[in-house]
Amino acid sequence: QRVCDLPIEIIPYGFDPPPPRQIERKRRILFASRLFPRKGAQYLLEALAGVPLDGWEITIAGDGPMLEQLQAQAHHLGIPVDWRGFIKGAPLEELYASSAIFVFPSTNDNFPVVLLEALAGGCAIITTNVSGMPEVVGDAGVLVPPRDVPALRAALLRLMHDDSLRTDLSARARHRITRFAWEDVTRQYLELYQRLAAKTHRTVEGTNR
């Protein structure tokens, strides 16, 4: 017998953001993730093909089975890339905090931690409008369709040439990451359990009368 009928509620994944770093933000476009096809680094390189960088640098941090393929693609397209390999901890946090734009053109991810890390780093984010990406970034990022290289290129050019938009998205990112802090996530769980217990108690009392 059902004793409770509550609407479905979604409580986000908890995340402990590092303290904000006071680091000069460079004109850097960053991709950080495992190098699998669905993560989309290949689409980022396609989107950058022919784009005048004008002082912007491209950094890809990560390792995986696509590394050599992506390096060959970047060489073929004439795109200079700073390949950082797999990094974590303080060096990765510093990379987020000093990068102006973070791009994650994934075609399918449940709840990517790299987007939480990019929010915490205050990056202006470009990601896709499918699966878990919109849930993470909300209004703190620019969303494009997956595998849509022209749309990704347009978003890149827009952010590269709009300082005020990057600043606004950076501020939105730092604000949004607070909703994933464990303190707030724990509060949401406790409030849900309290409502569930109260609803169950009322239902049981009504059944016993």
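Just so it is clear, the structure is predicted and the values come from calculations on it, not from any experiment.
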Undergrad: Can you measure from CG (L77) to CG (L45) and round to the nearest 0.5 angstrom?
TA: 6.5 Å
Undergrad: Mind checking what makes side chain to side chain donor-acceptor pair (under 3.5 Å) contact with D82, not counting sequence neighbours?
TA: R84
Undergrad: Minimum heavy-atom separation for N108 and R38, please, with both atom names.
TA: O-NH1, 2.8 Å
Undergrad: State the CZ-CZ distance between R158 and R166, to the nearest 0.5 angstrom.
TA: 12.5 Å
Undergrad: Quick one: closest heavy-atom pair of P37 and Q42, and the distance?
TA: O-NE2, 2.9 Å
Undergrad: Distance from M66 atom CE to R34 atom CZ, nearest 0.5 Å?
TA: 12.5 Å
Undergrad: Examine V103 and L157 and state if one hydrophobic cluster contains both, with Ile, Leu, Val, Met, Phe, Trp and Tyr joined whenever side-chain heavy atoms are less than 4.5 Å apart.
TA: yes
Undergrad: Can you measure from OG1 (T59) to CD1 (I101) and round to the nearest 0.5 angstrom?
TA: 12.0 Å
Undergrad: In the single-linkage hydrophobic clustering (I, L, V, M, F, W, Y; side-chain heavy atoms under 4.5 Å), do L53 and F31 co-cluster?
TA: yes
Undergrad: F104: which residues meet the ring-ring contact (aromatic ring centres under 6.0 Å, His included) condition with it, sequence neighbours left out?
TA: none
Undergrad: Quick one: does L116's side chain get under 4.5 Å of V136's, heavy atoms only?
TA: yes
Undergrad: Taking everything shown except R27 itself, do over 12 heavy atoms lie less than 6.0 Å from its CZ?
TA: yes
Undergrad: Could you tell me if the side chain of L35 sits less than 4.5 Å from the side chain of Q69, heavy atoms only?
TA: no
Undergrad: Looking at residues at least two apart in the chain, or sitting in another chain, which of them share a ring-ring contact (aromatic ring centres under 6.0 Å, His included) with F86?
TA: none
Undergrad: Starting from L169, can I reach I23 by hopping between I/L/V/M/F/W/Y residues whose side chains sit under 4.5 Å apart?
TA: no
Undergrad: Check L119 against F180 and note the closest heavy-atom contact, atom names and distance.
TA: CD1-CE1, 4.3 Å
Undergrad: Would a single hydrophobic cluster contain both V114 and F36, if residues Ile, Leu, Val, Met, Phe, Trp and Tyr are joined by side-chain heavy-atom contacts under 4.5 Å?
TA: no
Undergrad: Return the minimal non-hydrogen interatomic distance between S106 and P146, and the atom names on each side.
TA: O-CB, 4.4 Å
Undergrad: Which residue pairs pass the salt bridge (Lys or Arg N to Asp or Glu O under 4.0 Å) test when at least one of the two sits in residues 66-79, sequence neighbours left out?
TA: none
Undergrad: Evaluate the side-chain proximity of N110 to S131: yes if any heavy-atom separation is below 4.5 Å, no if none is.
TA: no
Undergrad: Could you tell me which residues satisfy ring-ring contact (aromatic ring centres under 6.0 Å, His included) with Y43, sequence neighbours excluded, listed by chain and number?
TA: none
Undergrad: Any idea which heavy atoms bring G122 and S170 closest together, and the distance?
TA: O-OG, 2.6 Å
Undergrad: Taking C-beta and beyond as the side chain, do L143 and T127 meet within less than 4.5 Å on heavy atoms?
TA: yes
Undergrad: May I ask you to decide if L165's main-chain N or O and D162's side chain share a donor-acceptor pair within less than 3.5 Å?
TA: yes
Undergrad: If we check side-chain hydrogen bond (donor to acceptor under 3.5 Å, both in side chains) with S98, which of these qualifies: R28, K26, E24?
TA: R28
Undergrad: Any non-hydrogen side-chain atom of H75 less than 4.5 Å from a side-chain atom of Q71?
TA: no
Undergrad: How many angstroms lie between atom OG of S99 and atom CZ of R25, to the nearest 0.5 angstrom?
TA: 7.5 Å
Undergrad: Looking only at heavy atoms, which two atoms of V137 and R176 are closest? And how far apart?
TA: O-CD, 2.9 Å
Undergrad: Out of curiosity, I79 CD1 to L48 CG, how far, rounded to the nearest 0.5 Å?
TA: 5.0 Å
Undergrad: Regarding R172 and D168, does a basic nitrogen lie under 4.0 Å from an acidic carboxylate oxygen?
TA: yes
Undergrad: Does any pair with a residue in residues 40-55 pass salt bridge (Lys or Arg N to Asp or Glu O under 4.0 Å), and if so which ones, sequence neighbours excluded?
TA: none
Undergrad: F102 vs Y96 aromatic rings, parallel, tilted or perpendicular, using cut-offs 30° and 60°?
TA: tilted
Undergrad: L44 and side-chain contact (heavy atoms from CB on, under 4.5 Å): which single residue from L156, L70, I126, L30 fits?
TA: L156
